Amino acid sequence: MWQLLKEFLLFLREEKRWWLAPVVIVLVILGAILVFSSTSVLAPFMYPFM
């Protein structure tokens with residue numbers, strides 16, 4: 001997992017594509033919210049947003 005993160009950061013530095021970092025971070029956070037909210041106590045509170 002750390003190797004993938006390291007390789008992604010090297011790609012961003014070499015290609016000057018720093019605008020991709022916030023996009024990837026937001027997608028990972030949204031994915032985590034979807035996965036954890038479907039099986040947790042937070043599920044009833046997430047329904048208005050879905």
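From a predicted model like this one, the values you see are computed outputs, not experimental measurements. Position 1 is the first residue of the sequence, and the numbers go up from there.
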> For Val23, which fellow cluster members are found when Ile, Leu, Val, Met, Phe, Trp and Tyr are connected by side-chain heavy-atom distances below 4.5 angstrom, either directly or through intermediates?
Replying inline: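 Listed partners: Leu27.
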> Is there a chain of hydrophobic side chains (I, L, V, M, F, W, Y, each step under 4.5 Å between heavy atoms) that links Ile25 to Phe8?
Replying inline: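 No, separate clusters.
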> Side-chain heavy atoms under 4.5 angstrom apart, residues restricted to Ile, Leu, Val, Met, Phe, Trp, Tyr: same cluster for Leu12 and Trp19?
Replying inline: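 Result: yes, single cluster for both.
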>> Is it the case that atom CH2 in Trp18 sees more than 12 heavy atoms from other parts of the structure closer than 6.0 Å?
In response: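 Atom CH2 in Trp18 is crowded, with more than 12 foreign heavy atoms closer than 6.0 Å.
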> Sequence neighbours excluded, which residues qualify as side chain to side chain contact (heavy atoms under 4.5 Å, CB included) partners of Leu5?
Replying inline: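 By the side chain to side chain contact (heavy atoms under 4.5 Å, CB included) rule, Leu5 matches Trp2, Leu9.
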>> Which residues pass the side chain to side chain contact (heavy atoms under 4.5 Å, CB included) test with Glu15, not counting sequence neighbours?
In response: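 For Glu15 the side chain to side chain contact (heavy atoms under 4.5 Å, CB included) partners, ignoring immediate neighbours, are Phe11, Arg17.
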